[in-house]
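What follows is a short report on a single structure.
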Amino acid sequence: QAMSNYFCYTAFKSCIGEVDEENPSELYTLFQSQMGELPLQESVQGYIDAFKNIAQSQNIEITDEQLANLDFLPQDDLSQTDGLVE
């Protein structure tokens, strides 16, 4: 679930708008709950497809290009993931 939450947060911020973590919008809460129901996906494409399906159900246009350019996974910066390994 951590992967889907992280992807949801990153994609929402990039494609739809800012996220107020202390007082999230109903729209963000909807995305987060539906993404949270996903089982662990084998690839990022699974999360992309799910995010697009939720957006489409809310009449929000999300393009493949927007999601393809997401900086979702950390790139060669292991300092961010040290705490996650333990």
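Only this structure's heavy atoms are used, side chains among them; waters, hydrogens and symmetry mates stay out. Throughout, numbering of the chain's residues begins at 1 and tracks the sequence.
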List the atom pairs, donor and acceptor, that lie under 3.5 Å between side-chain atoms in residues 32-42 and the rest of the protein, sequence neighbours left out.
from, atom 1, to, atom 2, distance (Å)
Ser33, OG, Thr29, O, 3.4
Ser33, OG, Leu30, O, 3.1
Gln41, NE2, Pro39, O, 2.8

**OP:** Using a 4.5 Å cut-off on heavy atoms from C-beta on, say whether the side chain of Phe7 contacts that of Ile48.
**Re:** yes
Subject >> Cys8 and Tyr28, any side-chain heavy atoms less than 4.5 Å apart >> reply: yes
Original post:
Is the Phe51 ring parallel, tilted or perpendicular to the Phe31 ring (thresholds 30°, 60°)?
Top reply: tilted
Original post:
Taking C-beta and beyond as the side chain, do Ile16 and Ile62 meet within less than 4.5 Å on heavy atoms?
Top reply: yes
Original post:
What are the two closest heavy atoms between Glu61 and Gln66, and how far apart are they?
Top reply: O-OE1, 3.8 Å
Original post:
Is there a side-chain contact between Ile54 and Ile60, using heavy atoms and a 4.5 Å cut-off?
Top reply: no
Subject >> Beyond-backbone contact of Cys15 with Leu67, side-chain heavy atoms, under 4.5 angstrom >> reply: yes
Subject >> Residues, nucleotides or ligands: over 12 heavy atoms within 6.0 Å of Gln56 CD >> reply: no
